[in-house]
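Each remark here refers to the structure printed beneath this line.
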There are 2 protein chains.
Amino acid sequence: MKNKITLKELAKLLNVSVSTVSKALHDSPEISPKTVERVKELAKLHKYRPNPVAVNLKSSKSGTIGVIIPNIANTFFANVLSGIEARAQKAGLQVITYISNESLAREQQITEMLTSGFVDGVLIAISEETQRKKEYEHLFNLVDYDIPVVLYDRVNLDLPVDKIGIDDEHSFEDATRLLQTRGIEKIGIATSIHHLGVGKLRITGYRNALKDEKDFYIANSSKPDTLREKTRKLLVEDKVEAILCSDFESTMLVYRMAYENKIKIPDDLKVIGFINGDVARYLTPSISYVEQFPGEIGEEAVELLVDRIENRVAGKPPINKTIRTKLIHMESTGF
Amino acid sequence: MKNKITLKELAKLLNVSVSTVSKALHDSPEISPKTVERVKELAKLHKYRPNPVAVNLKSSKSGTIGVIIPNIANTFFANVLSGIEARAQKAGLQVITYISNESLAREQQITEMLTSGFVDGVLIAISEETQRKKEYEHLFNLVDYDIPVVLYDRVNLDLPVDKIGIDDEHSFEDATRLLQTRGIEKIGIATSIHHLGVGKLRITGYRNALKDEKDFYIANSSKPDTLREKTRKLLVEDKVEAILCSDFESTMLVYRMAYENKIKIPDDLKVIGFINGDVARYLTPSISYVEQFPGEIGEEAVELLVDRIENRVAGKPPINKTIRTKLIHMESTGF
DNA sequence: CTGAAAGCGCTTACAG
DNA sequence: CTGAAAGCGCTTACAG
């Protein structure tokens, strides 16, 4: 039914000009109350909605923001998106979602699109491949085009834009120290993201807390089989008393391998992971984890972006925000 | 830097008209090869990109599709989104994401927005509250506005639009029969989504396979505490030999409660869940599950929508597609 | 082969 | 208080 009614059609029906209708709908003081009322009544009757595309063309805004997500199957990013959507909603912005699947080429393709002015700003978590190859030209290009950019989560990059991440280094430094105060000395770390900025920082945090370099036990690989073998070594041969896991894969792998090798958590092995609470609490035993507050990261990211888009912070140097994580104790630490 | 260059500016630099530039960029046969070349060269030099908003205004298309997701933290929906994004990308469509958080009010707000013409079409999985209250007017309204709609996953609703879901009923009917052929008779079902269409169908499938109504053992509640108590009864008092779990929550809960009550999986209890493989395979023991192919659901949904948008199926009656699920055996069935 | 004109649906400075 | 005109950046039928 109803092909959407336009301002022009409304004007004709009312026998007034298009400008009058437009102004009336915006409650302009120029228009007589009587006219305003007539216009609004008919507009309501016909369910008039201004065509957003036309409005955008006038204002040279798109009313949308873009979000680049490396991997949506990762609950962390899914929850960040949730925060982004909620906050954008309040600001009246539409969220256009792009998934890079950790691919540099795809990320380049996306940023290339975005330079054509589809969006008023972009939130980006850099893909794994991009970080590995240190190929950032497409990101600088976006900045050159004067498109506001905010980096979230994976912020370890020298781009002059606002950033919001978590306290990766502290999270594991604190966790390590906590274990030490409980008399645990032989602590290892498992990671499949040691080549990512956030991964490096988590390792650094763990390392900072060590009393001696010989206490450094690491299982690191982005290849599942290799990580499995290295983790086995840590658990079975080195017999670490506790292990920190820097990401979902390593956490689940450690959990599973303890089971396979009949290592009792938390009696023989304490575990602290980076994992979502909705999974952690159902595990057997439940796994203590670092809560990252992804929803807040998403909301804050949008706030930073909106400030830039609306030029509230024009010319101001880039802002760096850090969300404080929280260690949530479940059964796997046994405290 | 570079405030984006426009057609008009390009035309001035070249001393030709705007129309000529536009045509040249579209390889119009009306324009001389020489001019085409000159235009394209300068366009490339200035990295000219047509303003998508202006193009959209002319074509009265927005070049975007909307996706309403009930709960993005659910990996199933996250993976559907991934499929949607990939397929939309190919079609040159932008994906605007809306998250209803299972709320009717939010869903109404979203559909209300969408009637103003932000998008060329919408993919919807109906929120839980919407289904519970059977409040569908806002969806019919969308259809009245001639906005193409495709329902995905939660398709149990008499709306005259294309739909794509999974074979919910068969999935659990087959699973139940399979357990029976292995000599297991006392089979229960746990569900936190019995009030959703998909949940009802899964229960129906299970029920279809039962030889006798007295074999019907169910733990159903959307309240965690109640579900926990009912599940405990099934496992500890009724001592079912196998249990089907219709969703993530019930699967994880059963897994956890078996542990708490020292019930051995799969020796004392076989388990088949609805859960994502990336979690299932790491559990101890790993849990057999119904693979739903969320990525394909997303891709197919976009395909149906694009066909409607481009009017390739104009006037044709709604299409109903069903994706066949697959039972993936892990340790929890012990076969 | 090129360009002037109209138009997509809106907003707003300007004139009356 | 109301309206004609210009313009946002593009496309395209029409005239030359």
Side-chain angles (χ1 to χ4, degrees), chain A residues 2-40 42-43 46-64 92 113 115-120 145-147, chain B residues 2-40 42-43 46-64 92 115-120 145-146:
Chain A
K2 50 191 87 157
N3 284 320
K4 271 190 298 298
I5 194 163
T6 65
L7 266 196
K8 199 202 272 184
E9 288 159 347
L10 231 38
K12 184 174 290 174
L13 289 172
L14 288 160
N15 262 318
V16 294
S17 74
V18 171
S19 1
T20 301
V21 177
S22 174
K23 288 173 190 163
L25 291 172
H26 288 88
D27 284 311
S28 161
E30 289 182 48
I31 307 296
S32 76
K34 210 173 10 183
T35 310
V36 170
E37 200 186 340
R38 278 182 64 220
V39 171
K40 286 197 169 178
L42 195 74
H46 288 278
K47 299 199 183 182
Y48 169 76
R49 320 294 311 275
N51 178 330
V53 176
V55 175
N56 289 337
L57 183 58
K58 273 305 289 184
S59 63
S60 44
K61 292 258 163 188
S62 71
T64 63
M113 290 221 48
T115 58
S116 76
F118 252 112
V119 298
D120 295 338
Y145 265 93
D146 271 346
I147 297 175
Chain B
K2 47 191 90 157
N3 285 320
K4 270 190 297 299
I5 195 164
T6 65
L7 266 196
K8 200 202 272 185
E9 290 161 345
L10 231 39
K12 184 175 291 174
L13 288 172
L14 288 162
N15 264 319
V16 294
S17 74
V18 171
S19 3
T20 303
V21 176
S22 174
K23 288 172 190 163
L25 291 173
H26 288 90
D27 284 312
S28 159
E30 289 183 47
I31 306 296
S32 77
K34 210 174 9 182
T35 309
V36 170
E37 199 187 340
R38 277 182 63 218
V39 171
K40 288 197 168 176
L42 195 73
H46 289 277
K47 298 197 183 182
Y48 169 76
R49 321 295 310 274
N51 178 330
V53 175
V55 175
N56 289 338
L57 183 58
K58 272 306 287 185
S59 63
S60 45
K61 292 260 165 187
S62 70
T64 63
T115 58
S116 76
F118 252 112
V119 298
D120 295 337
Y145 265 93
D146 271 347

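Given the structure is predicted, the values throughout are model-derived calculations rather than measurements.
In this entry the distance linking NZ of B/K12 with C1' of C/dG3 reads 16 Å, nearest Å. In this structure, A/L10 places its CG atom 14 Å from P of D/dG3, rounding to the nearest Å.
Here CZ of B/R49 is found 10.0 Å from CZ of A/F118. Values are rounded to the nearest 0.5 Å. Atom-to-atom distance recorded for B/I5:CD1 and B/H46:NE2 is 4.5 Å, nearest 0.5 angstrom.
Residues A/S17 and A/T20 bring a donor and an acceptor atom of their side chains to less than 3.5 Å of each other. Checked by atom type, the side-chain pair B/S62/B/D120 shows a donor-acceptor distance below 3.5 Å.
A/S32 is linked by a side-chain hydrogen bond (donor to acceptor under 3.5 Å, both in side chains) to A/T35, counting only residues two or more places apart in sequence or in another chain. Every residue was checked against the side chain to side chain contact (heavy atoms under 4.5 Å, CB included) condition with B/K12, not counting sequence neighbours, and none meets it. A search for side chain to side chain contact (heavy atoms under 4.5 Å, CB included) contacts involving A/V18 returns A/L7, A/K8, A/A11, not counting sequence neighbours.
An OP1 or OP2 oxygen of C/dC1 is reached within less than 4.0 angstrom by no side-chain nitrogen or oxygen of B/T35.
If you check every strand for non-hydrogen atoms under 4.0 Å, B/P52 touches nothing.
The same atom, P, is picked in C/dG7 and in D/dA4; the two are 16 Å apart, to the nearest Å.
For B/P33, taking side-chain heavy atoms from C-beta onward, the closest of the listed nucleotides C/dC1, C/dA4, D/dT2 is C/dC1.
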Under 4.0 Å protein heavy-atom contact, by nucleotide of nucleotides 9-14 of chain D - B base, S sugar-phosphate only: BBBBBB

Intra- and inter-strand pairs of DNA chain C in dot-bracket (Watson-Crick or G-U wobble, both distances under 3.5 Å; | for another strand): |||.||||||||.|||

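Listed by first then second residue, pairs satisfying salt bridge (charged side-chain N to carboxylate O under 4.0 Å, His left out) with a partner in residues 15-27 of chain B read B/K23-B/E30, B/D27-B/K40, not counting sequence neighbours.
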